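Since the structure comes first, as structure tokens, the remarks are kept for the end.
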Amino acid sequence: FHVPGAGKTAAAIAAAQQLPGGYVIVVTRASVKRFWKREIDSMTDAGALIVDGVASRSISGSHRFIILSWEILPAHMETLIGMPIGIAIFDEVHRGKNFKAEYDDGVAGDPDQPAPIGQGAMQRTRARSWNWRAASAAISRHAECVIALTGTPITDRVRDLYAQLDLLNPDGFGTFKQFALRYCGGEVANIAGREVFKTTGYSNLDELADRWGTYCHVVTADRAYAALPPIRRVIHFIPPGDLIADKFLHSRAEASAFGALIASNRDDAGSYFESKLQAACSRKRRHVVDLVVEIAGGGGKVVVLTGRKKDCDDLEKALRRHPEAGERIAIWKTYGKEGGEGHTAADREGIADAYMKAPGMAVLIATRDTMGESINLQDSDALIQAMLPWTPGQIIQSEGRVHRLGQTRPAVIHYLIAEGTVDDHVADLLINKLPPFATLTGDKAVGDLKDQIAGLQDQDALIDQLYAATVTASDRDAGLEASI
């Protein structure tokens, strides 16, 4: 675990050069495969092959490094497990935390109690159906050495650590249920008439920190960024009267539907919740524009992270119409493929490079999905979190775009909280989620952020809007915690 921008990629390549022979399999995000190849080519003469697509093809030959994305890893398993793999490098290993694996018996695991890798689920290395976790587990067992890289080992809750630790040390932490009972405050709860094994808490963190330290080399923000210019966080509370009018409050029918989602499907409930965050983000547009004009208009460079394509388009239009921005501020925007529109990974790299080369008076507007991870934007004076992050992982990764090695001047991170919207509840969620991350990683900066937002208003009013009269008070508190 090295915080974003601390040089994990270079460290892994250097280690691979010193470790035993055989192929080096690099599993990473699709958007950074070319970055990995550039780094490998600059540091070694071993050769690196990028695997694109899911079609069967030969990935042997003179290249020692084989680079492929998490998304297509399962499609190439039959070839990979037949190769002599010396080292497996899992970049952003937290992406392999999906518990719903299908193994060679074809039986899907319970999402709350997945079949543990080390207890017979992966005794055979071939599977009829692969997902990320099953595929990475098989590669881990097949390789002579495993290197796992992450800047955010806990993306949301302590439970996220289980799949990563089990990948490095099969059997070492028992089943997921055993892990959850010991370290996640695991308990059976009744939510909307259904028994659910809750794993959203945390317990025995000091013990867990000692155990995971055996497998993990930790570089915290305090250590990695000690020689860098500082960052400063500013929390902006935007009163309802300053927000763009929008039909945001939930109707009784919406609240009823939300309660049903919680009872039936956690993933759908999370998607519903994120859509409300996106709606809140849209209502902050005037405040975002004013901040951009103030920073970029004064000669600075600023990155704005939003939730969706529409917000990027609306912000660009508003800035181009602004009398103090107009043609003075250079504007770039980027987002992923939505309905056939958007930019490829190569396009986004080009946009980021162009922004980085701008001398000043520039803004890059992007969705968090496209520019919130694995991209270098450290030539920036500010980052505006227009869509409020709702997990520790999103916070660490997004801040790491501008606060990383290569940064040459101080930067300000702006968090925009729209009062009277779902943002209020997100702030309360973060107050609960950030302490275990800080304890396990020793990252003081995360604890400082929790203290900054700890004075927010109570969440009860917002939760009552979400649930209306359709969910009881006891189910309400347990339900939202279990779903987010």
Side-chain angles (χ1 to χ4, degrees), residues 1-16 26 28-29 31-44 48 67 89 91-92 149-152 217-233 295-296 298-305 330 332 334 345-366 368 370-385 389 393-414 441 443-446 449:
F1 160 56
H2 293 187
V3 291
K8 292 187 295 294
T9 302
I13 295 170
V26 179
T28 186
R29 297 183 68 196
S31 60
V32 296
K33 288 190 293 187
R34 289 168 180 80
F35 168 76
W36 267 91
K37 179 171 171 48
R38 287 199 302 268
E39 292 293 294
I40 292 168
D41 289 343
S42 69
M43 295 178 63
T44 80
I67 308 167
I89 299 175
D91 186 26
E92 305 297 352
L149 309 177
T150 180
T152 49
H217 181 261
V218 177
V219 176
T220 65
D222 296 338
R223 177 181 170 189
Y225 305 150
L228 295 182
I231 63 166
R232 181 168 61 92
R233 297 185 179 97
I295 299 166
K301 298 174 68 174
V302 57
V303 176
V304 180
L305 294 182
W332 287 270
T334 182
D347 292 337
R348 295 194 294 271
E349 285 184 20
I351 291 169
D353 288 343
Y355 164 80
M356 287 283 284
K357 292 175 182 176
M361 298 187 72
V363 58
L364 171 60
I365 306 167
R368 184 179 294 117
T370 57
M371 289 288 175
E373 281 189 52
S374 306
I375 199 79
N376 295 330
L377 301 171
Q378 64 267 53
D379 190 32
S380 299
D381 297 281
L383 167 67
I384 299 175
Q385 303 271 24
Q394 290 177 350
I395 290 173
I396 301 304
Q397 288 289 351
S398 57
E399 288 192 354
R401 300 314 98 214
V402 301
H403 191 41
R404 61 193 298 113
L405 296 181
Q407 178 189 357
T408 59
R409 56 189 184 275
V412 181
I413 315 294
H414 298 269
T441 63
D443 197 331
K444 182 178 180 295
V446 173
L449 177 59

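In what follows, every heavy atom counts, from backbone to side chain, and hydrogens, waters and symmetry copies are set aside. This one's a predicted model, so the numbers in the text were calculated from it and none came from an experiment.
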Heavy-atom closest pair, residues Tyr355 and Val302: OH-N, 3.3 Å

Atom pair CD1 (Ile67) and CD1 (Ile40), whose distance is rounded to the nearest 0.5 Å: 4.0 Å

For a quick test of your reading: what N or O donor-acceptor pairs under 3.5 Å do the side chains of residues 4-12 make, sequence neighbours left out?
residue, atom, partner, partner atom, Å
Lys8, NZ, His2, O, 3.2

Distance-minimising heavy-atom pair for Leu305 and Ser398: CD1-CB, 3.7 Å

Qualifying residues under salt bridge (charged side-chain N to carboxylate O under 4.0 Å, His left out), relative to Arg38, sequence neighbours excluded: Glu349

Side-chain heavy-atom pair Thr334, Asp347 within 4.5 angstrom cut-off: no

With Arg29 via side-chain hydrogen bond (donor to acceptor under 3.5 Å, both in side chains) - residues at least two apart: none

Nearest heavy-atom neighbours spanning Gly151 and Ile396: O-CG2, 3.6 Å

Spatial distance of atom CZ (Arg232) from atom NE2 (His414) [nearest 0.5 Å]: 7.0 Å

All side-chain contact (heavy atoms from CB on, under 4.5 Å) counterparts of Ala358, not counting sequence neighbours: Lys301, Trp332, Ala362

Donor-acceptor contact below 3.5 Å, side chain Thr44 vs main chain Asp41: no

Check against side-chain contact (heavy atoms from CB on, under 4.5 Å), Ile413 and Gln385: CA-CA 7 Å; Ile413 315 294; Gln385 303 271 24; 4.3 Å; yes

Contacts of type side-chain hydrogen bond (donor to acceptor under 3.5 Å, both in side chains), residue Gln378, not counting sequence neighbours: none

Working for side-chain contact (heavy atoms from CB on, under 4.5 Å), residues Trp36 and Ile89: CA-CA 11 Å; Trp36 267 91; Ile89 299 175; 3.9 Å; yes

Among His403, Glu399, Gln397, side chain to side chain contact (heavy atoms under 4.5 Å, CB included) partner for Arg401: Gln397

Any side-chain heavy-atom pair of Thr28 and Leu149 under 4.5 Å: no

Least distance between heavy atoms, Gly406 atom then Leu228 atom: N-CD2, 4.4 Å

Atom of Ser380, atom of Ala411 and distance for their closest heavy-atom approach: O-CB, 4.0 Å

Residues in side-chain contact (heavy atoms from CB on, under 4.5 Å) contact with Ala352, at least two apart in sequence or another chain: Met371, Ile375, Leu377

Counterpart residues, side-chain contact (heavy atoms from CB on, under 4.5 Å), relative to Pro230 (two or more places apart): Pro410

Nearest atoms (heavy-atom pairs only) where Val303 meets Val402: CG2-CG1, 4.5 Å

side-chain hydrogen bond (donor to acceptor under 3.5 Å, both in side chains) against Arg409, all qualifying residues, sequence neighbours excluded: Asp379, Asp381

